[in-house]
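To start, the structure itself, in structure tokens.
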Protein chains: 2
Amino acid sequence: MQDYDPGAFPPFAVTVDLAVCTVREQRLHVLLVRRGEDPYQGAWALPGGFVRPRESAECAARRELAEETGLSQRTVEHLHLEQLRTYSDPDRDPRMRVVSVAYTALLPDLPEPRGGGDAAHAQWMPLASASPLAFDHDRILADAYERIGAKLEYTCLATSFCPPEFTLGELQQVYETVWGVELDRPNFRRKVLTTPGFVEAVEGAPRRTGGRGKPAAIYRAGAASALHPPLLRPEGRQS
Amino acid sequence: MQDYDPGAFPPFAVTVDLAVCTVREQRLHVLLVRRGEDPYQGAWALPGGFVRPRESAECAARRELAEETGLSQRTVEHLHLEQLRTYSDPDRDPRMRVVSVAYTALLPDLPEPRGGGDAAHAQWMPLASASPLAFDHDRILADAYERIGAKLEYTCLATSFCPPEFTLGELQQVYETVWGVELDRPNFRRKVLTTPGFVEAVEGAPRRTGGRGKPAAIYRAGAASALHPPLLRPEGRQS
DNA sequence: CCAAAAGTGTTAAAGATACACCCATGC
DNA sequence: GCATGGGTGTATCTTTAACACTTTTGG
């Protein structure tokens with residue numbers, strides 16, 4: 001910051017990229033858009049775009065998400081966005097120097113995005129079928145996946161993947177899907193219920209989950225954001 | 001990324017800021033530089049500077065660190081730098097739009113930085129006496145402190161605060177200083193020694209720590225980077 | 001001898017794991 | 001009835017936490 005001269009620095013473009021994930025049909029999905037222009041025309045990419053002169057990166061992320069994917073204004077406004085990291089390799093965009101701030105968001109399984117404009121090209125894609133993506137988006141997505149898996153261990157983030165009211169079975173499926181392991185139901189249940197503030201019971205009629213089986217009690221996300229002690233995955237690996 | 005027009009976007013400046021921390025005299029210290037120019041002339045700030053056209057943010061961080069603080073080339077090259085987050089509030093710099101990528105680094109207690117150029121103004125400052133800093137650096141530093149505390153729980157990062165060879169007492173002091181708590185020595189010892197790859201014993205003569213007491217065995221950082229299971233702080237709080 | 005810091009051992013509580021088993025529903 | 005998923009109980013093992021005690025140094 002010592003040597004300051006506005007004219008001396010070539011223009012950097014600053015963009016945001018979003019790894020928006022959900023759990024559908026027992027698999028982790030990510031929201032992608034198809035690129036309409038070069039470079040990478042026709043390729044799938046993470047939604048994102050340029051940060052405007054008077055907005056923060058997080059504001060830009062919400063705006064782009066609404067514009068490009070047709071998610072409702074309400075959804076986008078209340079969404080929990082987490083900054084993942086910033087990608088600044090000089091050659092990550094062939095056109096010019098672009099520094100991109102990546103964000104991660106977790107959503108419950110929503111209806112297929114529809115809507116006008118850019119949104120026409122947005123859709124959910126299973127993570128396994130997502131690559132190759134445009135630019136360095138494979139890398140960003142891989143980082144997002146790793147971060148999400150790690151965060152499930154020591155935060156209440158898993159409830160972000162669930163609708164406002166959910167069953168413990170649904171919550172457990174989030175863990176199993178993201179981690180790719182099976183968990184013991186009784187133990188999972190105990191763990192979740194004894195962690196203060198993780199979930200809170202919703203009074204009223206229990207709900208049928210699938211067609212079969214006993215109706216399950218329903219819960220809401222609790223007030224806590226961190227899990228103490230953490231819920232570690234069976235075979236512990238970590239960043 | 002859809003609507004691309006290089007001329008349509010005003011120039012963003014991209015900078016890096018570094019929260020370089022060490023443990024000295026039982027307190028966490030941060031490396032600061034005194035600003036020589038407006039804005040915030042005379043105020044203390046985190047070291048940092050502009051990213052050049054053909055370098056990544058991480059390269060810029062290492063370069064600026066060497067330039068501004070007089071740390072040796074070797075130190076800077078081998079340093080573990082971790083990206084903290086990116087700060088992009090439109091008004092964070094009064095001069096123009098500056099987006100800054102912040103990094104955190106952990107060092108063993110080194111001699112006071114000295115050296116030519118900008119480095120003349122660099123010095124270690126206890127975290128408690130650091131504020132107020134220039135720009136939004138108080139915020140960055142607070143985020144760095146929180147991140148470091150959290151990372152000690154589930155990574156081997158604490159060894160970065162220690163010299164290449166260290167005693168378990170020194171390692172324990174890192175935890176106690178950063179977390180601001182006292183830990184039970186026998187339990188700490190067991191935990192560290194039973195975590196594979198956290199530390200490895202160095203054969204040879206034990207070392208006197210202070211003047212008094214039994215000489216302590218010496219250890220080196222091990223190959224592991226993550227701690228499983230984690231070493232949780234007594235009163236669990238987390239981001 | 002005493003103080004100080006390293007290192008060992010022991011015990012009790014808390015948490016994780018692996019099950020067996022019962023309950024309520026659709027078919 | 002039976003398959004399916006929800007929910008409860010329990011025995012066992014591992015990890016943590018608290019603390020008593022021994023060892024080796026300097027003064």
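Residue numbering restarts at 1 for every chain, and letters A, B, ... go by the order of the sequence lines.
If you measure from atom CZ of F166(A) to atom P of dG5(D), you get 20 Å, rounded to the nearest angstrom. If you measure from atom CZ of R212(A) to atom P of dG6(D), you get 12 Å, rounded to the nearest angstrom. The separation between L183(A) atom CG and dG15(C) atom P is 19 Å, rounded to whole Å. Between the NZ atom of K191(B) and the P atom of dA17(D) there is a distance of 9 Å, rounded to whole Å. Between the CG atom of L227(B) and the P atom of dT16(D) there is a distance of 10 Å, given to the nearest Å. The separation between Y219(B) atom OH and dA6(C) atom P is 11 Å, rounded to whole Å. Look at CD on Q26(B): it is 10 Å from P on dA5(C), rounded to the nearest Å. Rounded to whole Å, atom C1' of dA16(C) lies 17 Å from atom CZ of R233(A).
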Please tabulate, one pair per line, each protein N/O and nucleotide N/O from nucleotides 19-22 of chain D that are separated by under 3.5 Å, including the distance.
unit_1, atom_1, unit_2, atom_2, d
dC19(D), N4, D184(B), OD2, 3.4

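The residue among A216(A) and P229(B) whose nearest nucleotide of DNA chain D lies closer to the 5′ end is A216(A). Heavy-atom nearest nucleotides on DNA chain C were determined for L168(B) and for P215(A), and the one closer to the 5' end corresponds to L168(B).
A search for ring pair (Phe, Tyr, Trp, His ring centres under 6.0 Å) contacts involving F188(A) returns Y175(A), not counting sequence neighbours. Shown here are the side chain to side chain contact (heavy atoms under 4.5 Å, CB included) partners of S56(A), two or more places apart in sequence or in another chain: E58(A), C59(A), S88(B), P90(B). Listed by chain and number, the residues in a side chain to side chain contact (heavy atoms under 4.5 Å, CB included) with D143(B) are L84(B), R85(B), Y87(B), R139(B) (sequence neighbours excluded).
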Just distance, no hydrogens or angles: give the donor-acceptor pairs under 3.5 Å from side chains in residues 73-80 of chain A, sequence neighbours left out.
unit_1, atom_1, unit_2, atom_2, d
T75(A), OG1, S72(A), OG, 2.7
H78(A), ND1, R74(A), O, 2.9

List, one per line, each side-chain donor-acceptor pair under 3.5 Å for residues 157-165 of chain A, sequence neighbours excluded.
unit_1, atom_1, unit_2, atom_2, d
T159(A), OG1, C156(A), O, 2.9
S160(A), OG, L157(A), O, 3.2
E165(A), OE2, R220(A), NH1, 3.4

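Between T22(A) and D109(A), the side chains place no donor N or O within less than 3.5 Å of an acceptor N or O (distance only, hydrogens not considered).
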